[in-house]
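Written out below as structure tokens is the structure these notes cover.
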Amino acid sequence: MDVCTMGNAIDNWQESIKKEGVVREFNGDSASAIIHEEDIAEVFVHVLTEDGHHEKLYTLTGPETLSIIDQVNIISEAIGKEIPFVELSKEEAIDKWKQEGYDDESIAFFIEMTTNTPEIGYTVLPTVEELTGRPAKTFKEWAKEHKSFFI
């Protein structure tokens with residue numbers, strides 16, 4: 001299974017939102033079809049407890065494609081406080097990632113995925129609903145459930 005989760009927002013932005021009330025990122029228009037962790041768990045339970053999934057590969061996505069800026073705006077709405085988005089230049093982003101301890105190979109990967117996201121990264125797929133019988137959860141739902149991480 002290949003996934004990009006909504007929980008990355010906590011890892012990436014919790015500290016800057018709580019301490020500074022701002023998000024600084026590279027290429028805020030970069031979009032992806034991120035998925036709620038509960039959807040992943042429910043799919044895993046289904047795949048592990050039902051027949052017919054041996055040797056199958058499932059790509060999981062959320063129900064919508066959202067940019068980084070969209071995600072920040074949704075968190076802002078959930079916590080009832082405006083969160084400014086500051087666009088980092090490529091050089092500023094590289095410096096930030098180096099300060100966070102990432103190696104050159106990881107940084108190159110971040111830049112590539114942010115500036116040249118493969119189609120599968122932003123394509124919404126019906127896999128969650130097909131396997132669980134219900135639609136994938138939205139980022140708005142996730143943000144409401146996890147707003148305590150950002151206030």
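The first residue of the sequence shown is numbered 1, and numbering continues consecutively from there. Since the structure is predicted, the reported quantities are computational estimates derived from the model, not experimental observations.
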> With hydrophobic residues grouped by side-chain heavy-atom distances under 4.5 Å, do L88 and V23 end up in a single group?
Replying inline: no
> Is there a path from I151 to I83 through hydrophobic residues (I, L, V, M, F, W, Y) whose side chains come within less than 4.5 Å of each other?
Replying inline: yes
>> Taking A9's backbone N and O only, do any of them form a donor-acceptor pair with Q71's side chain (distance below 3.5 Å, no angle check)?
In response: no
> When rounded to the nearest 0.5 angstrom, what is the spacing between NZ in K144 and CD1 in I79?
Replying inline: 14.0 Å
>> Is it the case that the side chains of S76 and N73 hold a donor-acceptor pair, with the cut-off being a distance below 3.5 Å and no angle test?
In response: no
> Taking all non-hydrogen atoms of both residues, which atom of A136 and which atom of P63 are closest, and how far apart?
Replying inline: O-CG, 3.5 Å
> Does some side-chain heavy atom of H146 sit less than 4.5 Å from a side-chain heavy atom of M6?
Replying inline: no
> Looking only at atom types and distance, does a side-chain atom of E129 sit under 3.5 Å from a main-chain N or O of R134, one as donor and one as acceptor?
Replying inline: no
> F149 and L66: same hydrophobic cluster, using ILVMFWY side-chain contacts below 4.5 Å?
Replying inline: yes
> Taking atom CD of Q14 and atom OG of S148, what is their separation to the nearest 0.5 Å?
Replying inline: 8.5 Å
>> Within the 4.5 Å heavy-atom criterion, are I17 and V22 side-chain neighbours or not?
In response: no
> Can you tell which of I35, L125, D39, I34 makes a side chain to side chain contact (heavy atoms under 4.5 Å, CB included) with T61?
Replying inline: L125
> Would you say the side-chain atoms of T49 pair up with the backbone N or O of V45, donor to acceptor, closer than 3.5 Å?
Replying inline: yes
> Within the distance-only criterion (no hydrogens, no angle test), does the side chain of E87 pair as donor or acceptor with the backbone N or O of R24 below 3.5 angstrom?
Replying inline: no
> CD of E130: more than 12 outside heavy atoms within 6.0 angstrom?
Replying inline: yes
> How many angstroms lie between atom CG of D70 and atom OG of S30, to the nearest 0.5 angstrom?
Replying inline: 11.0 Å
> Distance from L48 atom CG to E50 atom CD, nearest 0.5 Å?
Replying inline: 10.5 Å
>> Would you say E141 and T138 are linked by a side-chain donor-acceptor pair, where the criterion is simply a distance under 3.5 Å?
In response: yes
>> Less than 3.5 Å apart, any donor N or O on the side chain of W142 or E38 sitting next to an acceptor on the other?
In response: no
> Is there a side-chain contact between I40 and L60, using heavy atoms and a 4.5 Å cut-off?
Replying inline: yes
> What are the two closest heavy atoms between P84 and E82, and how far apart are they?
Replying inline: CD-O, 3.6 Å
> What about I120 and Y58, same hydrophobic cluster or not, with Ile/Leu/Val/Met/Phe/Trp/Tyr joined at side-chain heavy-atom distances under 4.5 Å?
Replying inline: no
> Is the backbone of A31 close enough, under 3.5 Å, to the side chain of S67 for a donor and an acceptor to pair up by distance?
Replying inline: no
> Do W97 and F110 make the cut of ring centroids closer than 6.0 angstrom?
Replying inline: yes
> So does K140 pair up with E77, basic N to acidic O under 4.0 Å?
Replying inline: yes
> With side chains defined as the heavy atoms from C-beta onward, is the minimum distance between L131 and H53 less than 4.5 Å?
Replying inline: yes
> So do W13 and I68 actually touch side chain to side chain, heavy atoms under 4.5 Å?
Replying inline: yes
> Hey, are the side chains of M113 and S32 touching, using non-hydrogen atoms and a 4.5 Å cut-off?
Replying inline: no
> Closest heavy-atom contact between T114 and F26?
Replying inline: CG2-O, 3.5 Å
> Got F139 and H36 here, is their nearest side-chain heavy-atom distance under 4.5 Å?
Replying inline: no
>> Looking at K96 and E25, is there a salt bridge between them, counting it only when a charged N and a carboxylate O are closer than 4.0 Å?
In response: yes
>> Is there a side-chain contact between V72 and I75 in this structure, where contact means two heavy atoms from C-beta onward sitting under 4.5 Å apart?
In response: no
>> If you count every heavy atom of other residues, nucleotides or ligands that lies below 6.0 Å from E92 atom CD, does the total exceed 12?
In response: yes
> Rounded to the nearest 0.5 Å, how far apart are CG of L57 and OG1 of T127?
Replying inline: 9.5 Å
> Under 6.0 Å from the OH atom of Y122, do we count more than 12 heavy atoms belonging to anything else shown?
Replying inline: yes
>> I need the T115 OG1 to K90 NZ distance, nearest 0.5 Å.
In response: 7.0 Å
